[in-house]
Each structure stands twice: as structure tokens, then as C-alpha cells.
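Numbers restart at 1 for each chain; the letters A, B, ... are given by sequence-line order, proteins then strands.
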There are 2 protein chains.
Amino acid sequence: MRWEELDRQPCSLARTLSVLGDRWTLLVIRDCFMGVRRFEQFEARLGIARHVLADRLKKLTEAGVLAKVPYQDRPRREEYRLTEKGLALHPALIALLDWGDRYMAGPEGPPVQRRHRTCGHVTHGVSVCSECGEPLDPREMSVEPGPGAPDDLPLPERSGKTR
Amino acid sequence: MRWEELDRQPCSLARTLSVLGDRWTLLVIRDCFMGVRRFEQFEARLGIARHVLADRLKKLTEAGVLAKVPYQDRPRREEYRLTEKGLALHPALIALLDWGDRYMAGPEGPPVQRRHRTCGHVTHGVSVCSECGEPLDPREMSVEPGPGAPDDLPLPERSGKTR
DNA sequence: TAGATTGAGTTCCGAAAAGGAACCTGTCAA
DNA sequence: TTGACAGGTTCCTTTTCGGAACTCAATCTA
């Protein structure tokens, strides 16, 4: 499969990765959540090649994740801000971050922590069911065709007992 | 910055992406959660070049996300299974999937849905605070150095008012 | 018992993407 | 009129990917 076909796959993860699934994109979005908005700031913090950065920002803007907002005229300058669609990536970023905190940190612990201002505690995200509020366990979830399923949706047979 | 330096960055997201941050890896893991375990199954479902698949499976195994488990001798054959570290990616997968359901689905809706067997409802994940249980809002979280922070941790200044 | 099959890769080649450095374009300030 | 600043583009080299063919060991199958 070519990478450009990914956004037409009948899978929301594949479609998500057609936007976010490369080396740099999620790091750009991480920096957006940290308040970074300008080309030079992204470049300095990420150490990314300039043309790759320009390409990623363009694609994220086209995808509606970022928006270019002018912050001065003469010369016209624009900065990149998360849209509502971009802000909605927050749970996914937190989940990836929490995984890194748990499994990729050295013995000293994670380099950065997040505090929930609402309750004042250092926090990590817990993924709960939107309906009953219980934490979601992969073994307690089943996958089924949704409203937008094509006729030939390939749901794999499980080989042997479930995981 | 070179890609190989990413796992030494003082950022758990960067370290996570040093393992997961490329075109195919998260799709491989998605299939693992769907019960796929064998080389040929991955190849058939993903349409990935075989040597790229071999490389990704090797790296995921080295990273401790998958484990090679023999399922027969004579001839010896091995399959790939999620370890506990791999299973812990479930919340991140769900969060990315839910984002795709909301923002990348066509007008008919998402192609696949998940049902929470515990409560019987079609569900999506909600990310809540581990301490107070309230849903996490990016505006209510602040970032600060953690126990493993280096001395020169680059937390950006916010330019202008906070988002 | 020769030949096909299966599962899990490896090799090779041309195309696409990334890394790195230099260059370009308005505008203003010295 | 020279320099700085912000935000890119261009060019060239190195890596990685996509696709097809090949390998290899251990069975089935005729």
C-alpha cells in the first residue's frame, strides 16, 4: 500500500495516521500545546530541517489541525495555532506521553510532569468509558462494523484463544 | 536533529515516538490489538513491504512492545504478541481512533465502532484526571519539570496570552 | 522420492523523503 | 546601504520505502 492511500482506508486509526503518522508531526503538535506558534521557534526547539518543517506545517494547516493567523502586517507575518480539531488531539498526546513516562523514562523518572490546576495534583490521564465511566480494558472491548462500514470490512478472525 | 537521537530527548513524547513514530508502526500495533500475530497476516492486511515489516517487528520486539512466541516446532514458527508494555498502548490507540472517528470519518460515520462489554454500550474513551476523575482540559493543565528533568530543560515561554 | 507448498524472512533496484547548508524576499532600523 | 529578522525555497547528498524476486528449512502430496 502506498502512503497516500491511507486516508481512504476504512479505519479511523489509519485515517488519523495519514495526518499524524510520520516522524515529526506529533512533535510539532506537542510544541503547539506548549505554546509554540512561530516557524523559527519550531525549528529551534525541534532541530528539524526547514523544508520538512514548512511541509508539515502546510499539511497540518490543510488538514485543519492548525490555522495560520496573522500577527502583524508590513511585513505580513503569520503564526500557527491549534484549531478546535487540533485541540481535540490533547487526549491522544496525553496518552502517548503517559506511556512514555511509564515505559521510556530512566530510573530518575519522567523529565516533565503535568499538574491538573483544577485539583492541584500531578496527574496522568486515565481512559474511561464514555457511557459507564469505568476504566477501559482492552479485553472488555469488542470491535464491530460502524455506520460508515463498507461491505467488505476486513475484521480478522482471532487465531486461538483471545489474547 | 537526527531521528536516532530522539530517544535521548528529555521528553516522554519524543521517546515514545522514537519507538512508534513512523508510518507503519502504529498500524502494526492496531492489528495486534485486533488479534493479528503472524508475519503473513500483517503483510496481507497492511500491504506493507516485507522488509519494512520485518524491520518494524524486530524493532518493536527489541523495544519490548511485542514478544516472539513459538507456536509450533518442526518447523519452528514464531508469532508476535503484545507484551504488557504493548497492551499499555491501548489508551493511546483508542484516543487516536476516537479522534479519527470524530474528525476523519465521512458523512456516514466511522467504519468501525467499539462496544464496552462491561456495560454493553458503544463507547469511546474519555481522558480523565487520575487524581480527581474529572475530564482533562488542556487549558487546565500546567507543565513543570519532573523528577528526571535535566538542568537545562527547555520549557518555552508563552508568547502573548495563553491559548 | 521428486516436487510443490508454507512461513518467515533477505536482497536488489529505482523512487521518495529526510538532513543540511545556502539562498531569497519584504520590511524596518542604524 | 548595510544588516537584521521572519519565514520560507532550492539544491545536493544520504536514508528509507515500495515492489518484486530470491532464499531456506521443513513439511505435505502425487
Side-chain angles (χ1 to χ4, degrees), chain A residues 1-7 9 14 17-28 31-32 36-62 66-81 156-157 159-160, chain B residues 1-7 9 14 17-28 31-32 36-62 66-81 156-157 159-160:
Chain A
M1 178 166 49
R2 321 292 314 286
W3 189 246
E4 306 88 59
E5 300 163 37
L6 206 60
D7 58 348
Q9 293 286 108
L17 293 178
S18 74
V19 176
L20 308 177
D22 78 289
R23 276 153 134 81
W24 292 108
T25 301
L26 280 168
L27 290 172
V28 169
D31 275 7
C32 291
V36 174
R37 294 175 185 169
R38 302 200 185 158
F39 194 93
E40 304 273 322
Q41 287 178 301
F42 287 113
E43 196 215 346
R45 284 177 49 85
L46 295 172
I48 182 177
R50 294 172 74 85
H51 66 298
V52 176
L53 175 59
D55 179 72
R56 288 314 111 89
L57 290 170
K58 183 147 139 326
K59 285 185 174 146
L60 284 171
T61 304
E62 285 166 3
L66 301 180
K68 265 178 117 155
V69 183
Y71 65 91
Q72 67 173 42
D73 283 338
R74 334 181 50 76
R76 182 179 184 81
R77 296 269 188 260
E78 295 172 302
E79 61 184 18
Y80 296 89
R81 294 199 188 204
E157 298 302 309
S159 52
Chain B
M1 177 166 49
R2 319 293 315 285
W3 188 247
E4 306 87 61
E5 300 164 36
L6 205 60
D7 58 347
Q9 293 287 110
L17 294 178
S18 75
V19 176
L20 309 178
D22 79 288
R23 277 152 134 82
W24 292 109
T25 301
L26 281 169
L27 291 172
V28 170
D31 275 6
C32 290
V36 174
R37 294 174 186 171
R38 300 196 188 161
F39 194 93
E40 304 272 324
Q41 289 178 300
F42 287 113
E43 196 216 346
R45 285 176 49 86
L46 294 172
I48 182 177
R50 294 174 73 89
H51 67 299
V52 176
L53 175 59
D55 180 73
R56 289 314 113 88
L57 290 170
K58 183 147 141 320
K59 284 187 173 144
L60 284 170
T61 304
E62 285 166 5
L66 301 181
K68 264 176 117 154
V69 184
Y71 66 89
Q72 67 173 40
D73 282 339
R74 341 186 48 79
R76 183 179 184 82
R77 297 269 188 255
E78 295 172 301
E79 61 184 18
Y80 295 90
R81 295 199 186 204
E157 297 303 310
S159 52

[N] [atom2] sits how many Å from [X] [atom1], rounded?
X       : N      : atom1 : atom2 : value
A:Asp22 : C:dG19 : CG    : P     : 10 Å
B:Leu60 : C:dG9  : CG    : P     : 13 Å
A:Arg76 : D:dC5  : CZ    : C1'   : 18 Å
B:Asp73 : D:dT27 : CG    : C1'   : 14 Å
A:Gln72 : D:dC5  : CD    : P     : 14 Å
A:Glu43 : D:dC5  : CD    : P     : 14 Å
B:Ile48 : D:dC17 : CD1   : C1'   : 10 Å

Stepwise side chain to side chain contact (heavy atoms under 4.5 Å, CB included) check, B:Trp24 with B:Val52: CA-CA 9 Å; B:Trp24 292 109; B:Val52 176; 3.9 Å; yes
Name the nucleic acid region contacted by [X], choosing base, sugar-phosphate or nothing; use a 4.0 angstrom heavy-atom cut-off, strictly under.
X       : answer
A:Arg74 : sugar-phosphate
B:Glu78 : sugar-phosphate
A:Tyr71 : sugar-phosphate

hbond_proxy B:Arg50 side chain to C:dA8 base (donor-acceptor, 3.5 Å cutoff):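 By the distance-only test, yes, there is a pair.
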At under 4.0 Å, does any side-chain N or O of [X] touch on OP1 or OP2 of [N]?
X       : N      : result
B:Arg37 : C:dG7  : no
A:Trp24 : C:dG19 : yes
A:Tyr80 : D:dA6  : no
B:Lys68 : C:dG9  : yes

A:Glu5 or A:Arg23, whichever maps to the more 5' nucleotide of DNA chain D: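 Nearer the 5' end of the strand: A:Arg23.
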5' priority, DNA chain D, between A:Arg2 and A:Glu40 [closest heavy atom]: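 Counting from the 5' end, the first nearest nucleotide belongs to A:Glu40.
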Nearest of [options] to any side-chain atom of [X]?
X       : options               : value
A:Pro75 : C:dA8, D:dC17, C:dT27 : C:dT27
A:His51 : D:dC17, D:dA6, D:dT10 : D:dT10
B:Phe39 : D:dA6, C:dG9, D:dA26  : C:dG9

A:Cys32 side, atom SG; A:Arg37 side, atom CZ - distance, nearest 0.5 Å: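 Those atoms lie 9.5 Å apart.
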Carboxylate-amine/guanidinium proximity below 4.0 Å for B:Arg45 and B:Glu40: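 Between B:Glu40 and B:Arg45 there is no salt bridge, as every charged N stays at least 4.0 Å from the carboxylate O atoms.
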Side-chain ion pair, A:Lys58 and A:Asp55, N-O less than 4.0 Å: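 No.
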Stepwise side chain to side chain contact (heavy atoms under 4.5 Å, CB included) check, B:Asp31 with B:Val28: CA-CA 5 Å; B:Asp31 275 6; B:Val28 170; 5.9 Å; no
Residue whose nearest DNA chain C nucleotide is more 5′ - B:Met1 or B:Leu57: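 Result: B:Leu57.
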Residue of the set B:Arg77, B:Glu79, B:Glu78 for which side-chain contact (heavy atoms from CB on, under 4.5 Å) holds with B:Arg38: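 By the side-chain contact (heavy atoms from CB on, under 4.5 Å) criterion, B:Arg38 pairs with just one of B:Arg77, B:Glu79, B:Glu78: B:Glu79.
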